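Predicted, not measured: the structure shown is a model, and the values here were computed from it. Numbering of ligands and ligand atoms starts at 1, following listing order.
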Amino acid sequence: MRYDYLIVGSGLFGAVFAREARERGKRCLVVEKRDHIAGNVYTEEVHGIQVHRYGAHIFHTSDKSVWEYVNRFAEFNQYINSPIARYKDELYNLPFNMNTFSRMWGVATPREAQDIIAGQIADLQISQPQNLEEQALSLVGRDVYEKLIKGYTEKQWGRDCRDLPAFIIRRLPLRFTYDNNYFNDRYQGIPVGGYTRIVEKLLEGTEVRLKTDYLANRAELDGMAEKIVYTGMIDQFYNYCLGVLEYRSVRFETEELELENYQGNAVVNYTEREIPYTRIIEHKHFEFGKQPTTIISREYSSEWKRGDEPYYPVNDGKNEALYEAYRARAEAENRVIFGGRLGSYRYYDMDRVIASALELCRREL
Ligand code: FAD
Ligand code: UDP
């Protein structure tokens with residue numbers, strides 16, 4: 001065996017594991033099917049602007065050890081995510097906070113906003129929200145739900161809000177203060193110079209083979225290492241033998257515009273159903289860029305089918321049961337360790353992916 005570990009995937013999970021293993025004297029080979037490293041956090045520089053090719057990535061965490069870990073590989077700027085929601089000609093601040101309610105109803109105090117919300121849901125009698133619609137209504141009332149949640153969510157997930165789990169909407173903060181910070185976390189920022197550089201540093205000194213699909217070269221690659229760390233799709237590893245796990249995919253329509261500032265904010269969500277994209281990202285605003293041109297990406301959400309990029313796992317009951325069946329198989333493997341967002345069929349933020357890779361290192365290395 002030439003290697004101790006074959007690492008499938010050069011995203012954050014694979015790269016953190018590779019780095020820690022190499023530091024402990026392990027011999028590692030990383031294989032990556034794309035023509036670049038860094039997985040979905042990949043950024044590329046175009047005319048001085050860091051373009052987030054697989055969707056906007058804002059680093060945020062409350063885990064001090066993860067924050068200190070990433071700061072070894074990059075300097076982070078002071079970016080705070082404060083998206084704007086656009087419903088027809090009306091503009092609102094996100095997440096849902098006093099600025100949103102004040103614009104929606106002309107109220108000034110938390111009590112006034114709470115009274116309006118209570119009045120809008122009084123007749124609904126929701127004690128235990130059973131789905132996303134009930135959860136959203138019980139948190140923010142009917143106006144905010146109809147204007148800022150319903151259309152966006154149905155575009156994003158391609159499903160009726162009554163057929164979606166309540167927890168999706170609980171990811172968003174709800175505050176009765178005038179605070180537009182989208183996240184509640186203690187630490188936040190964008191790495192100066194982009195995310196790809198972080199992954200380059202993590203992989204320094206490790207052999208990486210790009211454009212190499214593990215599943216297409218399994219026989220040869222399996223014979224090269226004692227153990228395998230696999231960060232691809234768990235169902236694909238098993239050739240979908242128990243069934244296909246569902247995902248949502250996203251198509252990014254990216255263009256460069258001959259103007260300095262297109263929308264004045266990094267993220268603008270389009271919450272009405274009739275506009276086909278969910279949001280527009282203007283990449284330069286993540287880094288307070290002053291370049292003469294600007295690059296924007298419109299995001300179109302779609303149902304994933306084989307061959308598409310998998311983005312958001314659809315963690316409903318049916319898919320969870322299927323994932324559990326794959327997980328049981330995975331646990332019985334003695335040479336293969338599954339990790340990362342695709343290996344565990346979870347929507348994991350970057351900090352959780354890094355924390356779980358470091359946790360694996362503690363157990364394994
Ligand atoms: P990935 O980055 O997906 O890496 C897996 C790698 O494995 C890929 O490069 C893939 O090509 C490779 N691979 C798969 N199969 C094979 C194979 N058979 N052979 C070889 N290589 C293979 N997190 C945040 O913290 N903040 C955000 O703002 C944020 N925004 C997001 C926006 C979107 C649209 C999405 C989808 C996710 C976002 N995330 C965000 C989550 C973040 O992208 C993930 O936490 C992180 O990228 C996961 O890293 P990973 O290594 O697990 O997976
Ligand atoms: N959401 C919404 N309106 C918005 C933004 C978000 O209804 O303007 C809902 C939507 O259901 C989405 C969920 O909140 O799936 C979580 O939003 P988040 O911004 O975390 O989604 P992501 O950035 O992961 O796409």
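Applying the salt bridge (charged side-chain N to carboxylate O under 4.0 Å, His left out) test to residues at least two apart or on different chains, the pairs with a partner in residues 339-349 are E320-R346.
For R111, the CZ atom sits in a loose shell: 12 or fewer heavy atoms of surrounding residues, nucleotides or ligands are nearer than 6.0 Å. Counting non-hydrogen atoms of neighbouring residues, nucleotides and ligands closer than 6.0 angstrom, the NE2 atom of H47 reaches no more than 12 such neighbours.
Considering backbone and side-chain N/O atoms, L172 never comes within less than 3.5 Å of an N/O atom of ligand 2. Considering backbone and side-chain atoms together, T271 places no N or O closer than 3.5 Å to any N or O of ligand 2.
With a 6.0 Å cutoff to the six-membered ring centre and a 45° limit on the axis angle, R175 does not count as a cation-pi contact of F101. The side-chain tip of R279 does not point at the ring of Y152 from less than 6.0 angstrom away and within 45° of straight on. A cation-pi arrangement is present between R306 and Y240, with the terminal nitrogen or guanidinium carbon under 6.0 Å from the aromatic centre and inside a 45° cone about the axis. Seen from the ring of Y270, R86 does not count as a face-on cation partner, given the 6.0 Å and 45° thresholds.
The nearest heavy-atom contact from the protein to atom 15 (O) of ligand 2 is W157 NE1, 2.9 Å. In terms of protein heavy atoms, atom 18 (P) of ligand 2 is closest to Y182 OH, 3.6 Å. Summary of contacts: the protein heavy atom closest to atom 2 (C) of ligand 2 is Y152 CD2, 3.5 Å. Atom 20 (O) of ligand 2 has as its closest protein heavy atom R171 NE, 3.5 Å. L148 O, 2.9 Å is the protein heavy atom nearest to atom 3 (N) of ligand 2. Here the protein heavy atom with the shortest distance to atom 22 (P) of ligand 2 is Y312 OH, 3.7 Å. Counting protein heavy atoms only, atom 11 (O) of ligand 2 is closest to T153 OG1, 2.8 Å. Residue, atom and distance of the protein heavy atom nearest to atom 4 (C) of ligand 2 are N269 ND2, 3.5 Å.
A donor-acceptor pair is defined here as one N or O able to donate and one able to accept, closer than 3.5 Å; such a pair exists between the side chain of E282 and the backbone of Q263.
Test W67, Y187, Y195 against F76 for ring pair (Phe, Tyr, Trp, His ring centres under 6.0 Å) and you get one pass: W67. The only option from Q135, E133, E134, Q120 that meets the side chain to side chain donor-acceptor pair (under 3.5 Å) definition with Y145 turns out to be E133.
F252 has its ring centre no less than 6.0 Å from the ring centre of Y277. A centroid separation of less than 6.0 Å is found between the aromatic rings of Y347 and Y312. You'll find the ring centres of H57 and F286 outside the 6.0 Å limit. The distance between the ring centers of F96 and Y92 does not fall below 6.0 angstrom.
Under a 4.0 Å criterion applied to the non-hydrogen atoms of Q156, ligand 2 contributes the atoms 15 (O), 25 (O). Residue contact check: Y347 has heavy atoms under 4.0 Å from atoms 24 (O) of ligand 2. Close approach of ligand 2 to L94 (heavy-atom distance below 4.0 Å) involves ligand atoms 8 (O).
Residues of the protein with a heavy atom under 4.0 Å from ligand 1 are V8, G9, G11, L12, F13, V31, E32, K33, R34, G39, N40, V41, Y54, A56, H57, I58, T212, D213, Y214, L215, T231, G232, Y311, Y312, G340, R341, Y347, Y348, D349, M350, V353, listed by chain and number.
Looking at I169, L132, I168, D349, it is I168 that brings a heavy atom closest to atom 12 (C) of ligand 2. Remark: among candidates E299, R170, R279, the nearest residue to atom 23 (O) of ligand 2 is R279, based on non-hydrogen atoms.
Contact annotation: for I149 versus ligand 2, heavy atoms closer than 4.0 Å belong to both the backbone and the side chain.
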